J.: 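Quick one: the structure is below, and I'll ask about it shortly.
Only a predicted model underlies this, so the values are computations on that prediction, with no experimental measurement involved. Letters A, B, ... mirror the listed sequences (proteins, then strands); counts begin at 1. Heavy atoms only: backbone and side chains are in, while hydrogens, waters and symmetry mates are out.
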Number of protein chains: 2
Amino acid sequence: MARRRLTQEERKKETRQLLLESAVETFAQLGFHGASVDKIAEYAGFSKGAVYAHFNSKEDLFLAILEQQMLLHVENIHQVIDQQHSLSHFLETMDEYFHSVRQENRTWSMLNMEFLLYAMREESVRHKWSTMITESVEQISKAIEKLMSKENHESTLSTNEMAWTILSLENGLAIFYYISEDRVPLHLYGKALQNMLLSPR
Amino acid sequence: MARRRLTQEERKKETRQLLLESAVETFAQLGFHGASVDKIAEYAGFSKGAVYAHFNSKEDLFLAILEQQMLLHVENIHQVIDQQHSLSHFLETMDEYFHSVRQENRTWSMLNMEFLLYAMREESVRHKWSTMITESVEQISKAIEKLMSKENHESTLSTNEMAWTILSLENGLAIFYYISEDRVPLHLYGKALQNMLLSPR
DNA sequence: GTCTATAAAGCGATAGAC
DNA sequence: GTCTATCGCTTTATAGAC
């Protein structure tokens with residue numbers, strides 16, 4: 001009996017996950033308004049009814065993947081931060097992380113943009129994002145501070161300002177990568193960061 | 001007779017301009033899919049019919065303001081570039097330009113984001129934007145080169161890489177300004193650019 | 001050129017069968 | 001839990017009056 005219930009719960013979770021994955025793809029491709037519940041369901045191999053059995057509304061579904069994406073991004077950042085030995089190594093890893101996300105996972109990048117635009121318009125979501133971003137900035141800021149004190153580094157930028165710049169440049173460059181692709185200089189992200197944070201003396 | 005025709009043409013142009021301005025506001029506020037032709041017309045004080053008398057479709061209207069915005073942005077960049085005496089002065093002016101656009105004209109910034117997302121999805125628009133951006137980059141690159149040779153400056157970044165970074169950071173920081181507003185350090189744009197391009201020695 | 005009316009299609013969401 | 005059918009509303013776009 002316990003076994004049977006577990007299987008059913010697993011099946012339910014699996015459907016939910018399939019719907020989430022389809023939603024990720026569809027929202028990224030067509031945007032929030034452009035992606036219909038019908039299309040999302042169809043792409044996952046279900047009907048509209050299945051979506052409304054798992055989520056209260058289209059917006060609810062959207063916010064669910066927003067939540068998922070938020071946690072994943074924060075987790076990635078933490079992983080990157082925790083394994084650093086030097087500031088230079090840190091920036092290199094950030095550059096690699098940046099490129100792997102852009103190239104292997106175009107969908108997530110476009111979805112990220114969609115979230116950003118959504119957050120700019122919806123106050124509640126904007127506030128949530130703002131909090132998450134600020135926390136990421138603080139994490140990065142602390143990590144930089146630790147690395148800098150270890151290396152006796154100095155800069156006219158505060159570590160907080162550096163952290164904001166790192167994340168801003170990531171987003172800004174990502175946009176251009178998708179629009180101009182081959183025209184954007186390779187590994188500019190890492191190079192620009194090195195230049196900004198490790199000023200030659 | 002000539003006078004009468006001119007007046008009519010002027011009226012036609014005026015209506016068209018009013019519709020364009022309303023479209024700018026509405027698309028920025030609600031996004032491409034979220035903004036209906038009805039709302040755009042109503043906000044301008046007209047009915048839907050008037051819109052279709054001036055534009056073939058909703059997308060046509062969208063592309064018309066995209067064109068207008070493109071030209072304006074390029075013009076602004078040129079104006080900023082042409083009046084520079086030193087690299088430091090150039091970066092300061094860019095910082096001022098950045099802030100005036102963000103604060104006085106939130107609408108245009110959000111519209112800019114909307115365009116970017118649209119361009120990321122529509123191949124024809126993407127190509128147009130790519131060309132325009134590349135031209136802007138070249139303009140900025142040349143301006144920096146001139147200023148640097150005048151001041152005997154050196155850097156590990158090429159002027160081309162600098163230009164891409166300048167525009168990327170502008171977009172990336174703009175996003176965060178709208179989401180986190182008061183938490184983003186003031187005048188970070190100019191400061192970060194100074195640090196990146198004018199490395200202390 | 002601008003209006004009102006309307007067509008035709010798509011949307012989010014719900015109801016009821018299974 | 002998932003389906004089909006359907007409601008009620010909004011959308012883009014067109015037709016015809018003025």
J.: Quick check against the 3.5 Å criterion: does Tyr189(B) have a side-chain atom that pairs as donor or acceptor with the backbone of Ile166(B)?
T.: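 Looks like yes, one N/O pair under 3.5 Å.
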J.: Between dT2(C) atom P and Phe55(B) atom CZ, what is the distance in whole Å?
T.: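 It works out to 11 Å between those atoms.
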J.: Between atom CD1 in Ile40(B) and atom C1' in dT10(D), what is the gap in whole Å?
T.: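 Atom-to-atom, Ile40(B) to dT10(D), this comes out as 15 Å.
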J.: Select one nucleotide: of dG1(C), dC3(D), dC3(C), the one nearest the side-chain heavy atoms of His54(B).
T.: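 Output: dG1(C).
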J.: Let me know the distance between CG of Leu30(B) and P of dT10(D), rounded to the nearest Å.
T.: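 After rounding, the reported distance stands at 15 Å.
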J.: What is the ring orientation for Phe32(A) with Phe27(A), classed by angle as parallel under 30°, tilted 30 to 60°, or perpendicular over 60°?
T.: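 Plane angle under 30°, so parallel.
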J.: Does Tyr43(B) have more than 12 heavy atoms from other residues, nucleotides or ligands lying within 6.0 Å of its OH?
T.: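 Open: at most 12 neighbouring heavy atoms sit under 6.0 Å from OH of Tyr43(B).
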J.: In terms of ring plane angle, is the pair Trp164(B) and Phe176(A) parallel, tilted or perpendicular, where the classes change at 30° and 60°?
T.: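 Answer is perpendicular, since the angle exceeds 60°.
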J.: Given ring pair (Phe, Tyr, Trp, His ring centres under 6.0 Å), test Tyr177(A) with Phe98(A) step by step and report yes or no.
T.: CA-CA 11 Å; Tyr177(A) 266 108; Phe98(A) 174 78; 5.6 Å; yes
J.: Check this one for me: any side-chain N or O of Thr15(B) less than 4.0 Å away from OP1 or OP2 of dG1(C)?
T.: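 So the side chain of Thr15(B) is outside the cut-off, no N or O lying under 4.0 Å from OP1 or OP2 of dG1(C).
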J.: Are any side-chain N or O atoms of Lys58(B) and backbone N or O atoms of Ala35(B), one a donor and one an acceptor, separated by less than 3.5 Å?
T.: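 At least one qualifying donor-acceptor pair exists.
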J.: Could you list all N or O pairs between the protein and nucleotides 8-15 of chain C that sit under 3.5 Å apart?
T.:
residue : atom : partner  : partner atom : Å
dG12(C) : OP1  : Lys58(A) : NZ           : 2.7
dG12(C) : OP2  : Val37(A) : N            : 3.0
dA13(C) : OP2  : Tyr52(A) : OH           : 2.9
dA13(C) : OP2  : Lys58(A) : N            : 2.9
dA13(C) : N6   : Lys48(A) : NZ           : 2.3

J.: Whole angstroms only, please: what is the CZ-P distance between Phe62(B) and dT12(D)?
T.: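 The answer, rounded to whole Å, is 13 Å.
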J.: Quick one: Phe46(A) CZ to dT4(D) C1', roughly how many Å, whole number?
T.: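 Going from Phe46(A) (CZ) to dT4(D) (C1'), I get 16 Å.
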